[in-house]
Amino acid sequence: MKALGAGSGMVGFLLAAEQLLLAFVGGTLGYAIGYILARIVGTKIFGVPPLPSFLVLSVVLGLAILVTLLGSALPFAAPALRTRSILRGE
């Protein structure tokens with residue numbers, strides 16, 4: 001994208017937006033699957049299914065966003081690198 005004229009800010013913004021979207025989708029799916037499994041286990045063992053909790057959902061989404069941003073720290077730093085010389089092998 002930088003080779004086509006995009007600035008470092010635009011590349012960083014697009015990377016962050018993509019990563020945050022993936023974190024939101026992954027966290028939501030993880031919460032839903034976890035709730036379904038907890039409902040099955042709670043009903044079979046205790047006879048009472050658990051209630052959904054928006055506090056747990058917010059914690060799960062927050063952790064998913066934190067892990068995603070920490071995991072993508074290197075691509076965020078990539079625009080600061082001298083990509084042209086790296087790609088040429090200099």
Side-chain angles (χ1 to χ4, degrees):
M1 289 176 57
K2 286 185 75 169
L4 296 174
S8 296
M10 180 59 112
V11 172
F13 174 76
L14 288 175
L15 282 172
E18 180 183 2
Q19 296 301 320
L20 290 176
L21 178 67
L22 288 173
F24 182 76
V25 169
T28 304
L29 283 174
Y31 175 80
I33 292 169
Y35 176 71
I36 290 169
L37 292 174
R39 188 170 175 90
I40 292 169
V41 169
T43 303
K44 293 210 184 251
I45 294 176
F46 302 112
V48 179
L51 297 174
S53 172
F54 290 110
L55 176 64
V56 174
L57 177 62
S58 62
V59 169
V60 167
L61 288 178
L63 287 174
I65 289 171
L66 178 70
V67 168
T68 301
L69 290 179
L70 287 176
S72 61
L74 183 62
F76 284 144
L81 299 174
R82 298 175 305 134
T83 54
R84 190 175 344 162
S85 62
I86 291 172
L87 290 174
R88 287 185 184 169
E90 297 174 356

Under 3.5 Å, which donor-acceptor pairs do the side chains of residues 20-31 form with other protein atoms, sequence neighbours left out?
unit_1, atom_1, unit_2, atom_2, d
T28, OG1, F24, O, 2.7
Y31, OH, S53, N, 3.0
Y31, OH, S53, O, 3.1

Can you list, by chain and residue number, the hydrophobic cluster partners of V41 when the side-chain cut-off is 4.5 Å?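 I45, F46, which link up through side-chain heavy atoms under 4.5 Å apart, make up the rest of the cluster.
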
Give every donor-acceptor pair under 3.5 Å between a side-chain atom in residues 55-66 and any protein atom, sequence neighbours left out.
unit_1, atom_1, unit_2, atom_2, d
S58, OG, F54, O, 3.3
S58, OG, L55, O, 2.7

Minimum heavy-atom separation for P50 to A38, with atom names?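 Looking at all heavy atoms of both residues, the shortest contact is CD-O, 3.6 Å.
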
Using 0.5 Å steps for rounding, measure from the CD1 atom of I36 to the CZ atom of R39.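 Result: 9.5 Å between the selected atoms.
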
